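Keep in mind it's a predicted model, so treat the numbers as computed, not measured.
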Amino acid sequence: MANNEELFKKIIAHAKEYGFIFPSSEIYDGLSAVYDYGQYGCELKNNIKQYWWKAMVNLHENIVGIDSAIFMHPTIWKASGHVDAFNDPLIDNKDSKKRYRADVLVEDYLQKIEDKINKEVEKAAKRFANFDEQLFRQTNPRVLEHQKKYDEVHSRFAACMEKSDWAGLKALIEELEIACPISGTRNWTDVRQFNLMFATQMGSVAEGTDTIYLRPETAQGIFVNYLNVQKTGRMKVPFGIAQIGKAFRNEIVARQFIFRMKEFEQMEMQFFVRPGEELKWFDYWKNERIRWHESLGMEASCYRFHDHEKLAHYANAATDIEFDFPFGFKELEGVHSRTDFDLKAHQQYSGKKLQYFDPETNESYVPYVIETSIGVDRMFLAVFSHAYREETLPDNSVRTVLRIPPILAPVKVAVLPLVKKDGLPEKAREILRPLQYQFNCQYDEKDAIGRRYRRQDAIGTPYCITVDNQTLEDNTVTLRDRDSMQQERISIPEIELRLNQLLKCNL
RNA sequence: GCGAAAGUAGUUCAGUGGUAGAACGACGGCUUCCCAAGCCGUAGGUCGCGGGUUCGACCCCCGUCUUUCGCUCCA
């Protein structure tokens, strides 16, 4: 464990040292949980996005991509449940240092009262034959007392939640003498609200509100456009809409580098299917997505499925694809069967029909949705942390190498004159020029050749072309493989073809 | 948000109440026909920030900010 922690620190340091990821606003002391992608990080990230887009959009005739705005009508977040579900009031116990959701504390209290009532009912049911439960509930004095208490607390609780009256909620918790299950004390902090969504102001929105939220997920931009796309693209169910875009979440605690950030990027695809067929398609996408991951050539043991036991209110099946990060298996991608929850909700809130007419069955329905949702930054971290190696070579020296899948590597090929004289630099630049149109290339003539190879290893460049004296005689160069460090000699006209073979997509 | 540790060159770290150091890295040059070799040279720091004690603070004291580690949610 301690070893993995050390390794993770090295990975973070390497990411900064070699221009992949910088802490945001560093010269102003930084901005926590926000990171910037540097010159190589940006390339790697773009390559990841492109690899996903090609797999999802280009290789599926029935999937198209969109790019919806980050700003959306505020009611969208009411319909999606984000406004209500993610404004948790939190409270800390000062003695145990434990944090609780204040509303859950009260709900648990209410649950206890309910349990007491049920116990009374059970006891009575055992005692009397011909037991009339309804009558008992309406007349038994102890039940009535509990019920009165319950109603009283519940109505006050509901009022506090409705008005976001956190002082009132705290007063209620103190009055009910709710204690921390761990410390057993009632030494509470004030109730504070943590909003998942970032709010900002927009000049002229419909009366009453001018608060706009930065989207906490890209999915809703797809749902509210589903009919636009279906109609204008002449899409037939089943079909999918893909999107890559930024999303924003105000995390209480953001940790683990780019794993959990306040500003992050998602690659989502919502697949619209006929009701009743959702589980079939859920399985299809589960397989399809793991196949995508495995096509990158990282070991299958890096991934595992984690099926959700407890499902969110909108889902009827859900699984995570987890990746073996340096800090353990964590969620990388989610595949969810979201039923018709979102579209139904938008239909209700917007008052617009969001039905699809199915010409095959000759009926209209609100489609069910299978969602695949992967974090770009998490994918980046998966690729980057898996790629990072410190290898001990036969001569006992150590080389640091990024074994990034070649198709994702920021720089594909470096062209290097063996020495900086004898016309080799000129020859190397001659070779470089035509390659630059097709591949992201580097040219380097500084320092000894070994050092230059190591520099390329450190940024994950899969191939190095070296120009030597023999090149001047017979127009051949050496092609060095990053992982094996082996070289082969090929002729200059072959280079482009060979690189294209090596960088071929496995999808 | 709470508790613990840290903050000195690009990086890793020394350092002492009296003018700021090393290694690696970067840059320029010499050498070198294949894996961080060698030699010469150059640049780079208000010692996180603010205040206090002192003749004098990188060092002692206070505050503040940031980062890292432990506690609840998620892509």
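Under the Watson-Crick and G-U wobble criteria, each requiring two contacts below 3.5 Å, nucleotide B/G44 is left unpaired. B/G50 is paired with B/C62 under the criterion used here, namely a Watson-Crick or G-U wobble arrangement in which both key atom distances are under 3.5 Å. Pairing partner, B/G17: none, since no Watson-Crick or wobble contact has both distances short of 3.5 Å. Using Watson-Crick or G-U wobble geometry with both donor-acceptor distances under 3.5 Å, B/C71 finds its partner in B/G1. Base pairing analysis places B/A23 opposite B/U11; the two distances defining the Watson-Crick or G-U wobble pair are each below 3.5 Å. Nucleotide B/A37: unpaired (no Watson-Crick or G-U wobble partner with both distances less than 3.5 Å). Remark: B/U32 base-pairs with no nucleotide; criterion is Watson-Crick or G-U wobble with both hydrogen-bond distances under 3.5 Å.
Rounded to whole Å, the P atom of B/U46 lies 12 Å from the corresponding atom of B/A20. Using atom P as the reference point in both B/A9 and B/G15, the two lie 15 Å apart (nearest Å). Here the separation of B/U8 from B/U42, taken at their C1' atoms, is 22 Å to the nearest Å. Between B/U19 and B/A57, the two C1' atoms lie 14 Å apart (nearest whole Å). Taking atom C1' in both B/G48 and B/C65, the straight-line distance is 8 Å, to the nearest Å. Rounded to whole Å, the P atom of B/G52 lies 32 Å from the corresponding atom of B/U68. Comparing the P positions of B/U12 and B/U67 gives a spacing of 16 Å, expressed to the nearest Å. As rounded to the nearest Å, B/C40 and B/G25 have P atoms that lie 15 Å from one another.
Counting to the nearest Å, the P atom of B/C24 and the CG atom of A/Asp447 are 13 Å from each other. The distance between atom CE of A/Met269 and atom P of B/A75, rounded to the nearest whole Å, is 16 Å. Rounded to a whole Å, the CD atom of A/Glu445 is 11 Å from the P atom of B/C30. Between A/Phe8 atom CZ and B/U68 atom P the separation is 10 Å, expressed in whole Å. At whole-Å resolution of the value, CZ in A/Arg338 and C1' in B/A75 are 12 Å apart. Rounded to an integer number of Å, the gap from NE2 of A/His82 to C1' of B/A75 is 11 Å. Between A/His336 atom NE2 and B/C74 atom P there is a gap of 10 Å when expressed in whole angstrom units. Remark: P of B/C74 and NE2 of A/His306 are 12 Å apart, rounded to the nearest angstrom.
Considering only heavy atoms from C-beta on, A/Pro367 comes within 4.5 Å of A/Tyr226 through its side chain.
Between A/Tyr388 and A/His14, the angle of the ring planes goes over 60°, which puts this pair in the perpendicular group of the 30/60° scheme. Ring planes of A/Phe325 and A/Phe259: perpendicular class, angle over 60° (limits at 30 and 60°).
Heavy-atom neighbours of A/Phe71 CZ from other residues, nucleotides or ligands within 6.0 Å: at or below the threshold of 12. The local environment of NZ in A/Lys10 is sparse, with at most 12 non-hydrogen atoms from other residues, nucleotides or ligands closer than 6.0 Å.
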Nucleotide-resolved protein contact map, nucleotides 34-47 of chain B, B/S/- at heavy-atom distance under 4.0 Å: BBBS----------
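Taking 4.0 angstrom as the limit, A/Lys421 places none of its side-chain polar atoms (N or O) nearer than this to OP1 or OP2 of B/C30. Phosphate proximity of B/G29 to A/Lys420: present, with a side-chain N or O under 4.0 Å from OP1 or OP2. At B/U11, one or more side-chain N or O atoms of A/Lys16 fall inside 4.0 Å of OP1 or OP2 (strictly under the cut-off).
Within the 4.0 angstrom heavy-atom criterion, no nucleotide atom of any strand lies near A/Leu416.
Between B/G10, B/G28, B/C74, one nucleotide has an atom nearer to the side chain of A/Glu17 than all others, and that is B/G10.
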Worked check of side-chain contact (heavy atoms from CB on, under 4.5 Å) between A/Gln270 and A/Asn225: CA-CA 11 Å; A/Gln270 309 293 335; A/Asn225 278 301; over 6 Å; no
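On a pure distance criterion of 3.5 Å, no polar donor-acceptor pair joins the side chain of A/Arg249 and the base of B/C74.
The pair A/Asp307-A/Lys286 meets the salt-bridge criterion, with a side-chain N (NZ, NE, NH1 or NH2) lying under 4.0 Å from an Asp/Glu carboxylate O. The existence of a salt bridge linking A/Arg429 and A/Glu426 is excluded, since no basic side-chain nitrogen approaches an acidic carboxylate oxygen closer than 4.0 Å.
Checked options A/Tyr51, A/Tyr303, A/Trp52; the residue passing with A/His293 is A/Tyr303 (criterion: ring-ring contact (aromatic ring centres under 6.0 Å, His included)).
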